[in-house]
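Beneath this line is the structure, given in structure tokens, with notes to follow.
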Amino acid sequence: MVQTITIRLTKELASWLEKVAAKTGVPQGKIIRDQLEKAKASRSSQAFMSLAGAVRGPKDLSSRKGFSRS
């Protein structure tokens with residue numbers, strides 16, 4: 001391993017991590033590294049998010065005639 005980091009977890013997350021590690025026999029650090037790798041890999045699949053807010057039109061689609069709540 002190249003770098004060590006320290007994180008603070010909520011009691012709920014810490015409890016979940018402990019249970020998963022005990023149940024699977026996988027060290028807590030490996031579980032966290034695996035989840036970080038998944039997050040890194042899925043980042044490219046969310047490239048469309050760079051277009052968020054780039055669409056022109058009414059901010060509220062319900063402002064179209066016939067769809068207004070008022």
Worksheet entry | Salt-bridge contact Lys38-Asp34 (side-chain N to carboxylate O under 4.0 Å) | no
So CD1 of Ile32 and CG of Leu17: to nearest 0.5 Å the spacing works out to 5.0 Å
Scanning both residues in full, the closest heavy-atom pair of Glu18 with Gln28 reads CA-NE2, 3.7 Å
Note: Ile5 and Ile7 closest approach over all heavy atoms is CD1-CG2, 4.0 Å
Fill in: Donor-acceptor under 3.5 Å (Thr24 side chain, Val20 main chain)
yes
Rounded to the nearest 0.5 Å, the NZ atom of Lys11 sits from the CG atom of Leu9 at a distance of 13.0 Å
